[in-house]
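Everything on this sheet refers to the single structure shown next.
These numbers come from a predicted model, not from an experiment. Any value given below was found using the heavy atoms of this structure, including those in side chains, with hydrogens, waters and symmetry copies removed.
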Amino acid sequence: MDEYSGIRELKGIGEKAEKTFGKVGVHTVGELLHYYPRGYEVYEDPVTVGELEEGRTMTVSGAIYGRVQVGGSPKMQITTLYLKDLTGTLKVVWFRMPFLRNTFARGGVVTLRGRIVCKKEGLVMEHPEIFYPSIKYEEKRASLQPVYPLTNGLTNNAVLKAMKQAAESVDLGDGILPEALRKEYGLAGYGEAIRGIHFPKTKEEFYHARERLVFEEFLLFILSLRMLKEQEDRVLNPYCFKEQEKIGEFLKKLPYELTDAQKSVWREIRQDMTGIHVMSRLVQGDVGSGKTVVALLAMLFAGVNGCQAAMMAPTEVLARQHFENIRRMLSEYEIPLHTELLTGSMTAKEKKEAYARISSGEAQLIIGTHALIQEKVAYQRLALVVTDEQHRFGVKQREALAGKGEYPHILVMSATPIPRTLAIILYGDLDISVIKELPKNRLPIKNCVVDTGYRNTAYQFMKKQILSGRQCYIICPMVEESDSLEVENVTDYTEIVKETMGRGITVSCLHGKMKEAQKDEIMEKFARNEIQILVSTTVIEVGIDVPNASVIMIENAERFGLAQLHQLRGRVGRGGHQSYCIFMSASKSKETRERLEILNHSNDGFFIAGEDLRLRGPGDLFGIRQSGILDFRLGDVFQDSKILKNASEAAKALLEEDSKLTDPKNSQLKKALEHVVAKNALETTL
């Protein structure tokens with residue numbers, strides 16, 4: 001058995017289990033070994049009731065005080081237990097587990113491990129893991145237990161059992177890295193890394209294992225990108241674009257003047273589109289910096305030169321917003337170009353009619369989602385494609401679009417402020433432009449970092465904003481135990497907000513488990529101000545533009561990286577109204593306060609990205625938060641910037657010494673690289 005063997009070769013994996021693992025992309029033993037934990041349960045020494053801290057997952061031992069009670073509604077039964085030790089009494093609750101009433105004996109000693117939250121009656125432990133009798137906790141004490149991402153029918157124990165068998169059955173050998181390269185960067189051996197990431201005995205073992213695997217992941221990505229760039233020599237520009245008076249007239253009619261940064265980037269784009277080679281450019285711009293206007297200018301430039309331009313948006317809601325805004329501006333400023341919308345949810349008849357207008361050239365500006373590159377879409381002369389980094393616009397999509405036009409210009413828009421050194425590595429085959437300046441009419445967002453005692457004051461502030469006609473977001477705290485509980489948590493939290501706000505204020509929730517149509521419907525209602533408060537997980541980070549929203553409150557802000565918090569904050573401050581961001585943190589640690597104070601005192605995404613790199617340190621053992629730039633399995637370009645730079649340096653040295661990787665010492669690396677390219681693992685690039 002090797003890493004390319006099917007997962008069915010493992011004992012206990014039948015047809016049903018094979019299909020279940022297939023849902024999470026695990027079909028081979030190798031894919032299983034690289035199905036990494038999303039976090040680890042760290043079973044530390046129990047503390048006393050008096051030592052418990054809000055917002056943390058902790059372990060406590062004590063005697064069961066009084067009877068175990070069951071209350072609540074039939075749909076949400078709540079089991080309550082009181083645990084007592086010499087320092088105090090703790091209320092403990094479980095949801096939908098009424099059978100626990102018969103599990104415990106009054107006065108018996110129990111050990112519980114769960115998250116501590118603050119309620120009106122004080123600190124409460126919610127839905128803890130039970131060790132009864134307490135001696136069972138000793139078996140897990142001081143250990144790191146992997147917690148895997150799951151789907152329906154797949155349990156953590158099932159993954160763990162299969163993982164142990166795979167790690168024992170497969171000859172892991174030396175892996176794909178040449179021995180000299182591994183030693184040069186002080187990396188763990190392959191077998192050591194696989195065992196260390198899944199079954200670490202210590203934190204140090206985990207960090208050492210993770211460094212090796214992240215390095216390998218980055219190295220494959222960078223080598224793929226470099227080889228792709230070599231294969232695709234810069235294509236000569238097939239379009240004879242000329243300067244057009246209509247563009248100048250359009251700029252004069254705008255109700256505002258472009259910033260110097262916008263003018264500079266527009267000049268670079270114009271030079272590209274009229275230059276010798278086809279444009280491949282990344283425009284980095286902070287939230288609200290005006291990237292969309294620059295992209296629109298490029299689209300108009302293609303359109304008035306007799307060609308077509310397509311813009312891909314990350315969601316249907318945003319695609320429709322772009323479509324309506326662009327169509328309105330063209331009409332208002334009397335520019336004779338036809339705009340077309342193309343999304344997956346359109347009816348067959350609507351799509352057919354849109355296809356006809358696109359293929360005939362009647363439609364010059366086409367806005368949509370991934371529907372833009374479907375097989376049935378034929379463009380007359382597609383000269384420009386504008387896309388968003390969130391699409392993870394990959395090789396297959398590039399080829400699909402190139403086939404639809406004659407090597408169209410590519411413009412990638414990024415709202416994530418990446419330090420330039422990292423951007424050059426990640427987007428090595430793109431020219432890079434930066435928009436750092438914000439439009440003059442934008443009021444800076446007012447920030448505050450508060451503890452949970454401020455929550456009711458925040459609710460009252462939101463009420464005042466809503467009475468003034470504004471809208472609000474609340475980013476709901478995540479629940480780490482399981483995805484299903486996360487959904488319940490958003491729903492329950494929404495009910496609390498509804499009760500607090502009272503009648504006359506519409507509150508709705510949004511989360512990732514909803515169907516796309518349902519999410520789109522809620523976001524459209526919010527855009528129309530039919531919903532005043534949207535309680536959401538981070539799914540709103542990208543995908544909707546609501547200028548009327550003036551407040552965002554982020555619960556448990558300490559759980560996110562600064563870059564992601566800055567992206568979330570960017571949901572407000574998009575209109576002419578003063579906007580506010582409330583970072584609510586349950587943590588009392590000095591390090592957390594220092595991190596959040598950076599956001600409190602700065603709205604500059606590039607400064608924040610740099611500070612994020614400085615402060616993050618070696619990593620968060622409880623599951624490292626993805627920055628959202630590229631969808632790596634384990635690595636994070638902010639968290640692991642040093643590893644990324646080392647991998648880039650190693651890739652350069654490897655290709656300089658052995659450009660085709662034909663040396664026998666690089667054979668395993670070459671095989672893995674070919675496998676990556678064959679599976680289109682570069683779906684994350686561009």
Side-chain angles (χ1 to χ4, degrees), residues 254-259 261-262 283-295 314-315 317-318 321-322 325 388 390 413-417 434-450 458 461-462 464-475 510 523 526-529 531-536 538-555 557 560-584 596-609 611-612 628:
L254 284 175
Y256 52 83
E257 186 181 353
L258 295 185
T259 63
Q262 285 173 312
V283 175
Q284 272 188 287
D286 207 349
V287 175
S289 61
K291 298 182 299 300
T292 307
V293 172
V294 174
T315 67
V317 173
L318 198 56
Q321 285 187 329
H322 284 323
N325 289 339
D388 187 283
Q390 294 292 335
M413 315 298 285
S414 171
T416 308
V434 178
I435 303 178
K436 275 194 173 184
E437 196 179 349
L438 289 178
K440 293 173 184 176
N441 62 338
R442 288 284 172 94
L443 294 169
I445 297 168
K446 292 185 177 180
N447 309 289
C448 63
V449 178
V450 295
F461 179 72
M462 287 182 193
K464 288 181 181 178
Q465 286 288 304
I466 291 165
L467 287 173
S468 300
R470 307 285 80 77
Q471 292 163 270
C472 311
Y473 296 99
I474 299 177
I475 305 305
L510 187 70
M523 287 195 286
F526 188 66
R528 295 195 298 265
N529 200 2
I531 295 169
Q532 283 74 53
I533 297 180
L534 188 60
V535 181
S536 175
T538 56
V539 295
I540 60 99
E541 190 175 349
V542 170
I544 188 169
D545 182 13
V546 182
N548 193 49
S550 63
V551 180
I552 184 167
M553 181 169 78
I554 304 169
E555 292 272 9
F560 305 101
L562 297 184
Q564 188 173 29
L565 287 171
H566 180 62
Q567 290 296 302
L568 289 167
R569 172 169 61 185
R571 293 301 96 201
V572 298
R574 291 171 166 264
H577 315 291
Q578 179 62 60
S579 292
Y580 307 85
C581 182
I582 303 164
F583 299 104
M584 191 162 291
L596 294 179
E597 282 301 320
I598 290 166
L599 287 159
N600 195 14
H601 293 106
S602 176
N603 289 318
D604 181 346
F606 288 89
F607 170 75
I608 289 162
E611 290 297 289
D612 208 7

Revision key, fill the gap. Minimal heavy-atom distance between Asn529 and Gln532, with the atoms involved, is O-NE2, 2.9 Å
Practice item. Using the side chain to side chain contact (heavy atoms under 4.5 Å, CB included) rule, take Ser550 and Val572 through it: C-alpha gap first, then chi angles, then the decisive distance, then the call. Key: CA-CA 5 Å; Ser550 63; Val572 298; 5.9 Å; no
Check your understanding: More than 12 heavy atoms of other residues, nucleotides or ligands under 6.0 Å from CD of Glu257: is that the case?
Key -> no
Exercise for review: Examine distances only and state if a side-chain atom of Glu437 and a backbone atom of Ala261 form a donor-acceptor pair shorter than 3.5 Å.
Suggested key: yes
Check your understanding: Atom NE2 in His601, atom CZ in Phe607: separation rounded to 0.5 Å?
Key -> 10.5 Å
Check your understanding: Should Arg571 and Val546 count as side-chain neighbours, where that means a heavy-atom distance under 4.5 Å?
Key -> no
Review point. Can any side-chain N or O of Glu555 pair as donor or acceptor with the backbone N or O of Phe583 at less than 3.5 Å?
Key: no
Check your understanding: Taking side chain as C-beta onward, heavy atoms only, is Leu565 less than 4.5 Å from Leu596?
Key -> yes
Exercise for review: Would you sort out whether Leu318 and Gln321 count as a side chain to side chain contact (heavy atoms under 4.5 Å, CB included), showing the intermediate values?
Suggested key: CA-CA 5 Å; Leu318 198 56; Gln321 285 187 329; 3.3 Å; yes
Point to revise | Donor-acceptor contact present, side-chain Ser602 to main-chain Asp604, <3.5 Å | key: yes
Exercise for review: Evaluate the side chain to side chain contact (heavy atoms under 4.5 Å, CB included) criterion for residues Met462 and Ile474: first the C-alpha distance (whole Å), next the side-chain angles of each, then the deciding distance (0.1 Å), finally the verdict.
Suggested key: CA-CA 10 Å; Met462 287 182 193; Ile474 299 177; 3.8 Å; yes
Check your understanding: Hey, mind stepping through Ile533 and Val535 against side chain to side chain contact (heavy atoms under 4.5 Å, CB included) and telling me if it holds?
Key -> CA-CA 6 Å; Ile533 297 180; Val535 181; 4.2 Å; yes
Revision key, fill the gap. Taken to the nearest 0.5 Å, the spacing of Ile475 CD1 from Met584 CE works out to 13.0 Å
Point to revise | Straight-line distance of Ser289 OG to Gln262 CD, nearest 0.5 Å | key: 7.0 Å
Exercise for review: Please state whether the rings of Tyr473 and Phe526 are parallel, tilted or perpendicular, taking 30° and 60° as the class boundaries.
Suggested key: tilted
Review point. Minimum heavy-atom separation for Val283 to Lys291, with atom names?
Key: O-CD, 4.0 Å
Point to revise | Spacing of CE belonging to Met523 relative to OG belonging to Ser536, to within rounding of 0.5 Å | key: 8.5 Å
Review point. Less than 4.5 Å apart, any side-chain heavy atom of Ile466 and any of Gln471?
Key: no
Point to revise | From OG1 (Thr292) to CG (Asn325), nearest 0.5 Å | key: 9.0 Å
Review point. From Ser579 OG over to Arg574 CZ, what is the distance, rounded to the nearest 0.5 angstrom?
Key: 10.5 Å
Check your understanding: Does the side chain of Asn447 reach to within under 4.5 Å of the side chain of Asn603, using non-hydrogen atoms?
Key -> yes
Point to revise | Closest contact, heavy atoms only, Asn548 versus Gly469 | key: ND2-O, 2.9 Å
